[in-house]
Amino acid sequence: ILSKLPRKSSKSADNREHGGHHNAYYSSVSGGGSRSSDFGTGKSANLSVSSFAVSSPTTDVGWKSADLKQNGNHMLSSYEAMPAFKDVPASERQNLFVKKLNLCCVIFDFIDPTKNLKEKEIKRQTLLELVEYVTSANGKFSDVVLQEIVKMVSANLFRSFNPQPRENKVIEGVDLEEEEPSMDPAWPHLQIVYEFLLRFIASPETDAKLAKRYVGQPFILKLLDLFDSEDPREREYLKTILHRIYGKFMVHRPFIRKAINNIFFRFIFETEKHNGIAELLEILGSIINGFALPLKEEHKVFLVRALIPLHKPKCLAMYHQQLSYCITQFVEKDCKLADTVIRGLLKYWPITNSSKEVMFLNELEEVLEATQPPEFQRCMMPLFRQIARCLNSLHFQVAERALFLWNNDHIENLIIQNRKVILPIIFPALEKNARNHWNQAVHSLTLNVRKIFNDLDPELFKECLLKFQEDESKEDETEAKRENTWKRLEELAEKKAFHSEATVETGESMANGSSG
């Protein structure tokens with residue numbers, strides 16, 4: 001009876017059918033898992049094809065799987081690994097490349113590390129082969145190949161994120177920086193797909209005119225959505241890839257800038273939550289650096305409507321370095337924008353957040369360093385009113401950072417040239433610090449700044465000192481008048497209360513007499 005039942009072909013029989021005694025694993029399977037997890041650091045510029053250590057698979061082998069999804073929709077019952085490119089004729093390699101791309105559209109569940117270990121390794125090795133194929137390609141990619149490449153990349157990368165609860169984490173940017181970043185468990189596959197996409201975009205065999213149909217606006221929008229990933233390795237790859245796309249596909253440049261603009265608007269005015277603002281600003285820093293002169297009006301509008309308002313969110317510390325670089329690039333490109341930038345900083349200047357105020361002062365120094373005298377004169381009065389407030393700050397780091405502005409030769413020269421306007425504004429703050437600031441370092445720096453002005457223009461310094469003393473005596477008189485007024489009011493209130501009590505008592509006694 002048993003002999004009459006149909007027999008399921010064994011793995012050895014499958015192997016014989018597909019070319020003898022070879023198995024489906026590549027020769028490096030045993031050490032592959034550790035290599036995939038250590039594969040790169042997200043900085044693709046340091047990677048070479050040899051770092052992938054692609055081992056040659058021998059032949060295609062069938063295998064069964066119960067838990068696989070292709071594009072998240074269909075359950076697959078079987079899956080085939082393909083032969084190596086070197087094992088097929090050159091005329092068949094493009095077809096094999098397309099088949100391998102389709103093979104890699106299968107998505108595995110990495111939440112359970114024990115599931116589908118064999119299949120995951122086969123896909124990983126196939127992805128490595130695809131990377132090497134794209135890197136060494138010596139013919140333009142056809143329409144069919146381009147379509148399949150984008151299909152495979154989309155299937156693997158484009159997914160929805162399930163962020164962990166972030167109660168009150170965005171209140172202070174420092175808290176988010178100190179928190180351990182969330183790492184995607186599927187990174188062993190994702191990283192190779194990202195590397196594949198990067199090599200594909202950078203390849204001289206990728207014709208931008210053909211590829212723009214597939215690497216189009218919907219693809220770019222989905223790529224930008226991935227910048228909200230909590231995995232910093234993924235954001236690092238995305239940054240490099242988007243910058244390469246911007247460089248290669250000139251037709252998409254305005255769209256990319258507009259899409260990034262929209263992300264910033266949503267972040268500033270709606271959510272104040274996004275993981276990739278720093279990376280997007282880093283890309284923009286490079287883009288702004290390449291702007292042609294004179295600057296287009298749309299670029300100036302972007303500065304005013306998107307970059308300057310990015311100083312508003314509470315989590316500024318997460319991306320301030322990159323933002324400051326972008327702002328400074330604009331001022332260096334067009335010095336006439338310095339007045340606009342400085343007034344924008346003053347608009348969003350923090351009132352109660354001392355650490356944020358120190359960041360503003362750092363950025364202000366960089367902007368002033370690129371500012372020319374005409375633009376400086378336009379904004380110096382409101383600017384030094386704010387600096388005077390910083391000089392009197394009880395937080396010593398704020399006061400100290402403001403006083404450090406005089407250590408910059410360019411800024412000091414601007415101040416000296418306009419001392420007749422600036423010194424009367426800041427003199428009261430300097431005098432108050434010199435008299436009674438609690439911090440010794442701030443006290444010493446204040447005395448140094450006072451000495452600079454005194455040595456430079458003794459007459460102006462004396463005028464400001466007399467004016468300060470007059471204002472101080474007037475303030476004393478005003479304070480004395482105010483105290484006298486309050487005393488008179490208190491006395492009147494007491495008399496009124498006394499008369500009211502007396503009137504009430506008289507009324508009560510009259511009422512008692514009439515009733516008697």
Side-chain angles (χ1 to χ4, degrees), residues 43-45 131 134-135 137-154 157-158 193-227 234-266 276-307 310 322-323 325-334 337:
K43 298 187 185 292
S44 54
V131 172
V134 167
T135 307
N138 55 5
K140 296 291 182 186
F141 296 118
S142 65
D143 265 338
V144 174
V145 171
L146 291 170
Q147 187 174 356
E148 292 300 323
I149 286 173
V150 172
K151 174 185 164 188
M152 187 277 285
V153 168
S154 302
L157 299 185
F158 299 153
V193 176
Y194 274 119
E195 187 65 29
F196 171 83
L197 177 58
L198 178 58
R199 301 290 179 97
F200 164 68
I201 297 296
S203 173
E205 307 305 335
T206 302
D207 187 349
K209 290 180 181 178
L210 281 178
K212 70 181 181 182
R213 293 170 53 195
Y214 306 103
V215 183
Q217 293 182 3
F219 182 87
I220 291 168
L221 283 175
K222 289 177 182 175
L223 205 65
L224 283 167
D225 287 341
L226 295 175
F227 273 88
E234 182 166 17
R235 298 198 303 270
E236 190 71 22
Y237 259 111
L238 285 163
K239 178 184 73 178
T240 309
I241 289 165
L242 185 64
H243 192 245
R244 290 293 180 90
I245 290 173
Y246 187 90
K248 187 153 195 161
F249 298 89
M250 294 183 69
V251 68
H252 292 326
R253 288 182 180 183
F255 177 79
I256 291 172
R257 291 197 301 268
K258 186 177 178 181
I260 293 174
N261 204 359
N262 291 337
I263 291 173
F264 288 163
F265 284 155
R266 196 153 147 249
I277 298 298
E279 285 79 11
L280 290 170
L281 284 168
E282 206 168 327
I283 296 168
L284 281 171
S286 180
I287 291 171
I288 294 164
N289 195 26
F291 281 166
L293 294 176
L295 288 174
K296 293 180 182 177
E297 191 60 31
E298 67 166 295
H299 300 329
K300 297 178 185 178
V301 169
F302 172 70
L303 168 69
V304 173
R305 292 187 182 173
L307 290 185
L310 274 171
Q322 293 84 356
L323 175 61
Y325 178 77
C326 290
I327 296 282
T328 310
Q329 286 289 308
F330 266 106
V331 179
E332 288 177 356
K333 287 273 180 184
D334 185 353
L337 292 171

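We count residues from 1, following the sequence as given. Values below: every heavy atom of this structure, side chains too, minus hydrogens, waters and symmetry copies. Source: prediction; values computed, not measured.
One finds the OG1 atom of Thr135 at 9.0 Å from the CG atom of Leu198 (value rounded to the nearest 0.5 Å). Between the CG atom in Leu284 and the CD atom in Gln322 there is a gap of 11.0 Å [rounded to 0.5 Å]. Distance check: Leu307 CG to Asn261 CG gives 8.5 Å after rounding to the nearest 0.5 Å. Ile241 CD1 to Glu195 CD: the interatomic distance, rounded to the nearest 0.5 Å, is 8.0 Å. Rounded to the nearest 0.5 angstrom, Glu205 CD and Ser142 OG are separated by 12.0 Å.
Annotation: side chain of Leu242 is in contact with side chain of Phe227 (closest heavy-atom distance under 4.5 Å). Taking 4.5 Å as the limit, every side-chain heavy atom of Leu303 sits out of range of all side-chain heavy atoms of Ile288. Residues Asp225 and Phe158 fail the side-chain proximity criterion, which asks for heavy atoms closer than 4.5 Å. For the pair Val193 and Leu197, the minimum side-chain heavy-atom distance is 4.5 Å or more. At a threshold of 4.5 Å between non-hydrogen side-chain atoms, the residues Leu295 and Leu293 count as touching. Considering only heavy atoms from C-beta on, Lys151 stays 4.5 Å or farther from Tyr214 through its side chain. At least one side-chain heavy atom of Leu310 sits less than 4.5 Å from a side-chain heavy atom of Leu281.
Pairing each heavy atom of Val215 with each of Ile220, the nearest pair is O-CD1, 4.4 Å. For Ala211 against Thr206, the heavy-atom pair with the smallest separation is CB-CG2, 3.9 Å. Between Arg244 and Ala202, the shortest heavy-atom contact is NH1-CB, 3.0 Å. Heavy atoms only, all atoms of each residue included: Leu157 and Leu226 are closest at O-CD2, 3.4 Å. Nearest heavy-atom pair across Leu224 and Ala259 is CD1-CB, 3.4 Å.
In this structure Arg257 satisfies the salt bridge (charged side-chain N to carboxylate O under 4.0 Å, His left out) test together with Glu298, sequence neighbours excluded. Scored by the salt bridge (charged side-chain N to carboxylate O under 4.0 Å, His left out) test, Lys258 finds no partners at all (sequence neighbours excluded). The ring-ring contact (aromatic ring centres under 6.0 Å, His included) test applied to Phe141 returns Phe200, not counting sequence neighbours. Contacts of Arg235 classified as side chain to side chain donor-acceptor pair (under 3.5 Å), with partners at least two apart in sequence or in another chain: Glu279. By the ring-ring contact (aromatic ring centres under 6.0 Å, His included) test, Phe330 is found to be paired with no residue, residues two or more places apart in sequence or in another chain being considered. His243 meets the ring-ring contact (aromatic ring centres under 6.0 Å, His included) test with no other residue; sequence neighbours excluded. Partners of Arg253 by side chain to side chain donor-acceptor pair (under 3.5 Å), not counting sequence neighbours: none found. In this structure, the side-chain contact (heavy atoms from CB on, under 4.5 Å) partners of Val304, at least two apart in sequence or on a different chain, are Thr340. Judged as a side chain to side chain donor-acceptor pair (under 3.5 Å), and not counting sequence neighbours, the contacts of Gln329 are Tyr325. With sequence neighbours excluded, no residue forms a ring-ring contact (aromatic ring centres under 6.0 Å, His included) with Phe265. Remark: Glu282 pairs with Lys239 by the side chain to side chain donor-acceptor pair (under 3.5 Å) rule, at least two apart or across chains.
Judged purely by atom type and a 3.5 angstrom limit, Lys248 uses its side chain to pair as donor or acceptor with the backbone of Ile201. With Thr240 contributing its side chain and Glu236 its backbone, the two residues share a donor-acceptor pair below 3.5 Å.
Lys222 NZ: 12 or fewer foreign heavy atoms inside a 6.0 Å radius.
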Using the rule given for side chain to side chain contact (heavy atoms under 4.5 Å, CB included), can you reason through Ile256 versus Ile283, listing the C-alpha separation, both sets of side-chain angles and the distance that settles it, and then say yes or no?
CA-CA 11 Å; Ile256 291 172; Ile283 296 168; over 6 Å; no
From CA spacing to verdict: side chain to side chain contact (heavy atoms under 4.5 Å, CB included), Asp143, Leu210:
CA-CA 7 Å; Asp143 265 338; Leu210 281 178; 3.7 Å; yes
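Note on residues 244-264: pairs passing ring-ring contact (aromatic ring centres under 6.0 Å, His included), not counting sequence neighbours, are Phe249-His252.
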